[in-house]
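This report concerns only the one structure given below.
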Amino acid sequence: MQPYARRGVHGQTVETLARKILSGSLPEGATLDMVALQQEMDVSLTALRESLKVLAAKGMVDARQKRGTFVRPRAQWNLLDADVLRWQFASSTGSAVDVALLRNLGEVRGIVEPAAVRLAAERRTDADLQALATALEAMGHEGDAAHAIEADLAFHRALLTATHNELLERMEMVIESGLAHRDQIVHSAPHSEDPVPSHRAVLDAVRAGDPDAAERAMKSLLTQAMRDLDKIHGSHDDKDTQDQ
């Protein structure tokens, strides 16, 4: 989930610049002082410029003659880019912005996944069913939060693949960043609901080739997902109130 952070100096520079923008250290509209940034991050001017090209492609910065390189307004960012989503969640964990992002993700999933699972029920192959069953089996095994997250991501990835619609399959890039963050919160909390039964109901309906049942099962799964999140955020809110 951290593609740039694993790419040496270039990747680390991209990640650092993104964090500065999202934290407001480099606010919207600010013109970047290239020399100061180069010295602060101890990178070459070439590495800095190449990293800014990555952020420019994601709509976060732009360059103009006589003005230089500047941070673009958030409204112009490519918010559906997987890296931009991941950076947003990483920079806002536990905040009101984080809760709003997760609710936005829940609404997107509520639109996309019930429709997608209908297609999966109609088009799934034996290989698709095996991928879903393997992910569900992994979900049922005891393990740490990282194991639970990967199993959940694998299940939802396999569902989108089973639609055999290339554009819907690419939606995994939008859903996965937020879903991984949501899962990290839920699976790290005690007493969260067992996710296996709701996912098994989806798989059973897809295996039976029943689009209506698959859609109902997915809607139920998503309702549980939001209920788990609300329960955790509610307990955090209660604790904050008690501490004040």
Side-chain angles (χ1 to χ4, degrees), residues 1 80 82 85 89 101-235:
M1 296 301 292
L80 295 182
L85 279 169
F89 281 116
L101 282 169
L102 286 169
R103 292 196 183 284
N104 285 345
L105 171 69
E107 290 176 356
V108 170
R109 293 183 66 196
I111 294 168
V112 173
E113 292 195 272
V117 81
R118 291 186 66 89
L119 292 178
E122 295 169 348
R123 300 175 179 176
R124 83 290 185 275
T125 64
D126 289 343
D128 294 325
L129 292 174
Q130 182 58 55
L132 287 164
T134 299
L136 184 64
E137 181 180 1
M139 201 178 296
H141 290 165
E142 291 291 333
D144 58 14
H147 169 84
I149 292 168
E150 181 50 43
D152 192 26
L153 292 177
F155 187 90
H156 290 274
R157 191 183 304 126
L159 273 179
L160 291 175
T161 299
T163 67
H164 296 278
N165 178 307
E166 288 183 338
L167 297 181
L168 277 173
E169 288 181 50
R170 292 302 88 204
M171 285 300 295
E172 71 162 299
M173 299 175 66
V174 175
I175 291 174
E176 279 200 10
S177 295
L179 182 56
H181 181 69
R182 175 258 171 210
D183 282 355
Q184 180 65 48
I185 295 171
V186 171
H187 292 300
S188 297
H191 313 306
S192 59
E193 290 188 47
D194 182 1
V196 172
S198 60
H199 286 73
R200 181 179 293 116
V202 172
L203 174 54
D204 288 345
V206 170
R207 181 182 285 119
D210 188 335
D212 292 336
E215 181 179 3
R216 287 194 300 272
M218 177 55 72
K219 287 181 176 179
S220 177
L221 185 157
L222 294 174
T223 297
Q224 176 181 326
M226 288 307 300
R227 185 167 60 242
D228 287 341
L229 201 59
D230 286 341
K231 187 185 303 181
I232 292 167
H233 283 305
S235 65

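- Between Arg123 and Asn165, the shortest heavy-atom contact is NH1-CB, 4.2 Å.
- For the atom pair CG of Leu119 and CG of Leu159, the computed distance is 11.5 Å after rounding to the nearest 0.5 Å.
- Here the CG atom belonging to Leu101 is positioned 8.0 Å from the CG atom belonging to Leu85, to the nearest 0.5 angstrom.
- Residue His147 holds its NE2 atom at 7.0 Å from NE2 of His141, rounded to the nearest 0.5 Å.
- For the residue pair Ala225 and Arg109, the shortest heavy atom distance occurs at CB-NH1, 4.4 Å.
- Surrounding CG of Asp126 are at most 12 heavy atoms belonging to other residues, nucleotides or ligands under 6.0 Å away.
- One N or O on the side chain of Arg124 and one on the backbone of Val206 form a donor-acceptor pair closer than 3.5 Å.
- Rounding to the nearest 0.5 angstrom, the gap separating the CD1 atom in Ile175 from the CG atom in Leu168 is 9.0 Å.
- Side-chain atoms of Pro114 and Leu222, non-hydrogen and from C-beta on, do get closer than 4.5 Å to each other.
- Using a 4.5 Å cut-off on side-chain heavy atoms (C-beta onward), Arg227 and Thr223 make contact.
- Closest of all the heavy-atom pairs between Pro211 and Gly209 is CD-O, 3.2 Å.
- In terms of heavy-atom proximity, Met171 sits nearest to Leu160 at C-CD1, 4.1 Å.
- Considering only residues two or more places apart in sequence or on other chains, Glu215 meets the side chain to side chain donor-acceptor pair (under 3.5 Å) condition with Arg118, Lys219.
- Nearest heavy-atom pair, His199 versus Leu136, reported as atom, atom and distance to 0.1 Å: CB-CD1, 3.7 Å.
- Side chain of Asp128 to backbone of Thr125: a donor-acceptor contact under 3.5 angstrom is found.
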TODO: Any chance you could lay out the side chain to side chain contact (heavy atoms under 4.5 Å, CB included) test for Ile149 and Leu179, step after step, and finish with the verdict?
DONE: CA-CA 8 Å; Ile149 292 168; Leu179 182 56; over 6 Å; no

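- Closest approach of Leu221 and His156 over heavy atoms only: CD2-CE1, 4.0 Å.
- Considering CG of Asp194 and CE of Met139, their distance stands at 9.5 Å, rounded to 0.5 Å.
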Report task. I would like to know whether Thr134 and Gln130 meet side chain to side chain donor-acceptor pair (under 3.5 Å); could you show each step before the answer? Result -> CA-CA 6 Å; Thr134 299; Gln130 182 58 55; 3.1 Å; yes

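- Within the structure, every pair that satisfies the salt bridge (Lys or Arg N to Asp or Glu O under 4.0 Å) test and touches residues 156-167, not counting sequence neighbours, is listed here: Glu150-Arg157, Arg157-Glu172, Arg157-Glu176.
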